[in-house]
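From a predicted model like this one, the values you see are computed outputs, not experimental measurements. In the text below, chain A, chain B and the rest are named by the order of the sequence lines, each starting its count at 1.
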Protein chains: 2
Amino acid sequence: MAVHDAMDVLNGKWKISIIAALCFNKKRYSDLLNDVKGISGKMLSRELKEMETHKLVKRTVLSTQPITVQYELTEYGGKLKSVISNLADWGLAHRKKIIGK
Amino acid sequence: MAVHDAMDVLNGKWKISIIAALCFNKKRYSDLLNDVKGISGKMLSRELKEMETHKLVKRTVLSTQPITVQYELTEYGGKLKSVISNLADWGLAHRKKIIGK
DNA sequence: CTGTATCCACCTTGATACTG
DNA sequence: CAGTATCAAGGTGGATACAG
């Protein structure tokens with residue numbers, strides 16, 4: 001099933017959140033560490049590496065001093081934006097429903 | 001973040017696939033066991049129970065002989081259909097891309 | 001048919017310390 | 001800043017047997 005194929009690539013606890021964080025801006029490693037609540041450095045680099053091999057994100061090393069690294073969605077990974085957006089809408093409704101009672 | 005709230009409810013390896021399987025029809029336990037490739041009975045009942053407490057699915061016991069149980073998406077859980085559908089589209093494209101090379 | 005109980009291997013994740 | 005190495009702990013999931 002197609003859904004299963006998608007989930008193969010989006011496995012792990014953090015990938016969806018990382019993609020969501022990259023939806024509107026490129027970000028550096030340390031930015032992601034702040035923006036993706038609760039993630040550890042180890043998991044962030046591990047997930048990013050996986051996503052890079054799956055061509056979901058692009059990694060660029062900037063020759064600043066000290067070196068910084070920029071991550072952004074590929075065109076391909078960007079196709080997930082609408083999925084994420086739908087999910088975010090639902091999550092918002094869900095939160096309201098939970099808080100509401 | 002809203003996406004994170006959604007993922008809290010959709011954690012685990014199987015929930016998305018189960019919802020996908022229930023998108024168009026109600027199904028019995030044994031149907032799901034066949035349709036969700038690779039899932040074991042333990043995990044299926046465990047995930048279904050969680051999803052029931054989150055009000056994503058509705059469980060109905062039918063007084064047939066022997067007893068059968070029917071699962072269906074709640075109206076609330078049904079709101080995830082569009083997310084699933086987007087994901088399926090992406091998964092299809094992804095599969096083509098993978099096979100294509 | 002629809003589950004639950006138990007046992008167990010494996011994987012994932014986190015904390016911490018460390019490197020370039 | 002951007003990671004990697006190591007260790008430890010808990011969660012995840014499968015097989016099997018069993019119950020209502």
The criterion is side chain to side chain donor-acceptor pair (under 3.5 Å); which residues satisfy it with A:Arg46, sequence neighbours excluded?
none
Nearest-Å distance, [atom1] ([X]) to [atom2] ([N])?
X	N	atom1	atom2	value
B:Leu32	C:dT2	CG	C1'	12 Å
A:Ile39	C:dT12	CD1	C1'	13 Å
B:Leu62	C:dC1	CG	C1'	11 Å
B:Leu44	C:dT2	CG	P	10 Å
B:Glu47	C:dT2	CD	P	18 Å

List the atom of [X], the atom of [Y], and the distance in Å for their closest heavy-atom pair.
X	Y	value
A:Leu73	A:Cys23	CD1-CA, 4.1 Å
B:Gly91	A:Ala6	CA-CB, 3.9 Å
B:Leu32	B:Leu44	CB-CD2, 3.8 Å

Which residues within residues 20-27 of chain B lie with some heavy atom under 4.0 Å of an atom in DNA chain D?
none
Nucleic acid contacts of residues 2-16 of chain B, taken as heavy-atom distances under 4.0 Å to DNA chain D:
B:Lys13, B:Trp14
With sequence neighbours excluded, residues passing side chain to side chain contact (heavy atoms under 4.5 Å, CB included) with [X]:
X	value
B:Arg95	A:Asp5, B:Ile99
A:Thr64	A:Leu62, A:Thr68
A:Lys58	A:Thr60, A:Glu72, A:Thr74

Quick one: what's the B/S/- string for nucleotides 2-7 of chain D, heavy-atom cutoff under 4.0 Å, read 5' to 3'?
SBB-B-
Kindly work out whether a path of hydrophobic side-chain contacts (I/L/V/M/F/W/Y, heavy atoms less than 4.5 Å apart) joins A:Phe24 to A:Leu87.
no
Check for me, please, whether A:Leu92 and B:Val9 land in the same ILVMFWY cluster - side-chain distances under 4.5 Å, paths through other members count.
no
What residue pairs, at least two apart or across chains, pass side-chain hydrogen bond (donor to acceptor under 3.5 Å, both in side chains) with a residue in residues 75-91 of chain B?
A:His94-B:Tyr76
What residue pairs, at least two apart or across chains, pass side-chain hydrogen bond (donor to acceptor under 3.5 Å, both in side chains) with a residue in residues 14-29 of chain B?
B:Asn11-B:Lys15, B:Lys15-B:Glu47, B:Lys15-B:Glu50, B:Lys27-B:Asp35
